[in-house]
Protein chains: 2
Amino acid sequence: MRYSRQRELIANMLKNRKDHPTADMIYASAREIEPNISLGTVYRNLKQLSEEGTILTLETQDKKIHYDGDVSRHSHFLCDKCGKIIDLFQPAETPKELNQLGLVVSSEKCVYYGICPDCQK
Amino acid sequence: MRYSRQRELIANMLKNRKDHPTADMIYASAREIEPNISLGTVYRNLKQLSEEGTILTLETQDKKIHYDGDVSRHSHFLCDKCGKIIDLFQPAETPKELNQLGLVVSSEKCVYYGICPDCQK
DNA sequence: TCGTTATCAGTAATGATTACTATTATTATA
DNA sequence: TATAATAATAGTAATCATTACTGATAACGA
């Protein structure tokens with residue numbers, strides 16, 4: 001993969017913020033620094049960076065993909081009402097500790113990613 | 001919520017199958033029994049049923065929502081290559097046990113849902 | 001049985017994401 | 001350092017899963 005100023009900008013922006021922005025939010029921020037960057041470029045690079053493992057994705061109920069520049073091991077809390085995303089770093093991931101953070105948890109979704117036995121052949 | 005033949009059909013179909021179909025897959029199956037059911041009806045009812053907690057959703061990388069009629073506590077394995085979804089019932093959710101199932105796990109995503117402190121006020 | 005209204009079928013609209021194309025920028029190599 | 005090969009880009013059009021809309025139908029309490 002070749003170097004590109006646009007990709008570097010996008011990656012750095014994600015590393016320097018603690019929220020979980022969508023593509024259009026990143027596009028808006030990137031425009032302030034690189035006024036001619038296009039939305040397609042943002043999408044393409046977000047896809048590349050996430051496939052590389054440089055950033056993470058978070059598929060939520062709002063039909064938009066949220067991106068996370070923090071690839072350290074942590075989970076997320078998603079508010080069913082306002083859609084807010086809260087980082088959960090260990091060891092705050094037991095029902096007790098979640099309650100102590102003031103979070104009322106109603107459900108939990110855990111997904112593992114990798115290669116299945118069929119595709120390993 | 002009123003009774004509807006269409007909603008009952010959709011719910012029953014999901015309860016009776018062990019895969020994780022998308023809306024259009026459910027639409028196709030439903031058409032075989034209820035030939036005039038519309039795609040909009042399928043989407044509307046899937047949304048209602050999942051908001052109720054009768055069924056679960058699984059947001060994957062393929063941009064389609066997958067539905068699961070099994071609401072018992074379990075996780076999922078998602079193959080990065082073929083997109084296959086595999087149910088993981090406890091206690092098969094430790095790295096060791098996942099390996100014993102022949103699954104090479106490269107990453108893991110855990111999300112909790114509920115109401116955040118702000119929205120509880 | 002009747003009135004209210006949730007639900008439906010069918011279709012149009014939405015909107016996030018991807019594809020396309022001519023141009024520009026990176027990088028390996030002479 | 002100049003050059004050729006080709007990723008990557010900006011700008012725009014297309015895709016397609018999902019939602020919204022509308023007039024007709026069906027559930028169900030009174």
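Side chains included, hydrogens not; waters and symmetry mates left out as well; all remaining heavy atoms used. Letters A, B, ... mirror the listed sequences (proteins, then strands); counts begin at 1.
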Novice: NA contact type, B/E34, heavy-atom cut-off 4.0 Å: base, sugar-phosphate, or nothing?
Specialist: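 No contact.
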Novice: Let me know the distance between CD of A/Q61 and P of C/dA16, rounded to the nearest Å.
Specialist: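 The distance from CD of A/Q61 to P of C/dA16 comes to 16 Å, rounded to the nearest Å.
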Novice: Return the set of residues passing side chain to side chain contact (heavy atoms under 4.5 Å, CB included) with A/D70 (not counting sequence neighbours), or none when no residue passes.
Specialist: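 Testing A/D70 for side chain to side chain contact (heavy atoms under 4.5 Å, CB included), a comparison that skips the adjacent residues, returns A/D68, A/S72, A/H74, A/F89.
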Novice: Measure the distance from CG on A/D62 to C1' on C/dT14 and round it to the nearest whole Å.
Specialist: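 About 15 Å, once rounded to whole Å.
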Novice: Between A/K18 and A/D87 (salt bridge meaning N to carboxylate O under 4.0 Å), is one present in this structure?
Specialist: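 No salt bridge links A/K18 with A/D87.
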Novice: Please confirm whether the shortest side-chain N or O distance from A/Q48 to OP1 or OP2 of D/dA7 is below 4.0 Å.
Specialist: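 Looking at the OP1 and OP2 atoms of D/dA7, neither is under 4.0 Å from any side-chain N or O of A/Q48.
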Novice: For a quick check under 3.5 Å, do A/R7 and A/T41 share a side-chain donor-acceptor pair by atom type?
Specialist: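 Side chains of A/R7 and A/T41: no pair found under 3.5 Å.
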Novice: Expressed as a whole number of angstroms, how long is the span from B/L49:CG to D/dT18:C1'?
Specialist: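 Rounding to the nearest Å, CG of B/L49 and C1' of D/dT18 are 16 Å apart.
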Novice: Within this structure, what is the CG-to-P distance between B/L9 and C/dC8, rounded to whole angstrom?
Specialist: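 Atom CG in B/L9 sits about 11 Å away from atom P in C/dC8.
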Novice: Can you measure B/H66 atom NE2 to D/dA17 atom C1' for me and round it to whole angstrom units?
Specialist: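 Taking NE2 of B/H66 and C1' of D/dA17, I get 12 Å after rounding.
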Novice: Distance check: side-chain N/O of A/T41 vs OP1/OP2 of D/dA10, anything under 4.0 Å?
Specialist: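 Yes, within the criterion.
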Novice: Which residues satisfy the side chain to side chain donor-acceptor pair (under 3.5 Å) test with A/Q120, sequence neighbours excluded?
Specialist: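 Listed in chain order: nothing, the list is empty.
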Novice: Spell out protein contact along nucleotides 19-30 of chain D as letters: B when the base is contacted, S when just the sugar-phosphate is, - when no protein heavy atom is under 4.0 Å; keep the 5' to 3' order.
Specialist: B------BBS--
Novice: Would you please name every residue forming a side chain to side chain contact (heavy atoms under 4.5 Å, CB included) with B/S50, sequence neighbours left out?
Specialist: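 For B/S50 the side chain to side chain contact (heavy atoms under 4.5 Å, CB included) partners, ignoring immediate neighbours, are B/I55, B/T57.
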Novice: Looking at five pairs on each end of the helix from C/dT1-D/dA30 to C/dA30-D/dT1, what is the angle between the two axes, given to 10 degrees?
Specialist: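 Between the first-five-pair axis and the last-five-pair axis there is 40°.
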Novice: Output the rounded distance in Å from CD (B/E59) to P (C/dT17).
Specialist: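 Rounded to the whole Å, the gap is 13 Å.
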Novice: For residues 7-27 of chain B, which residue pairs pass the ring pair (Phe, Tyr, Trp, His ring centres under 6.0 Å) check, not counting sequence neighbours?
Specialist: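 Matches after skipping sequence neighbours: B/H20-B/H76.
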Novice: Using whole Å, report how far CD of A/E8 lies from C1' of D/dA8.
Specialist: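 Result: 14 Å.
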Novice: Filter on ring pair (Phe, Tyr, Trp, His ring centres under 6.0 Å), then keep only pairs touching residues 31-56 of chain A, sequence neighbours left out; what's left?
Specialist: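 Non-adjacent pairs meeting ring pair (Phe, Tyr, Trp, His ring centres under 6.0 Å): zero.
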Novice: For B/D24, which contact category applies under a 4.0 Å heavy-atom criterion: base, sugar-phosphate, or nothing?
Specialist: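 Result for B/D24 = nothing.
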Novice: Rounded to whole Å, please give me the gap between CD1 in A/I37 and P in C/dA25.
Specialist: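 From A/I37 CD1 to C/dA25 P: 14 Å.
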Novice: What residues, two or more places apart in sequence or in another chain, satisfy side chain to side chain contact (heavy atoms under 4.5 Å, CB included) together with A/A30?
Specialist: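 For A/A30 the side chain to side chain contact (heavy atoms under 4.5 Å, CB included) partners, ignoring immediate neighbours, are A/L9, A/M13, A/I37.
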Novice: Looking at residues at least two apart in the chain, or sitting in another chain, which of them share a side chain to side chain contact (heavy atoms under 4.5 Å, CB included) with B/V71?
Specialist: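 Side chain to side chain contact (heavy atoms under 4.5 Å, CB included) check on B/V71 returns B/K15, B/L56.
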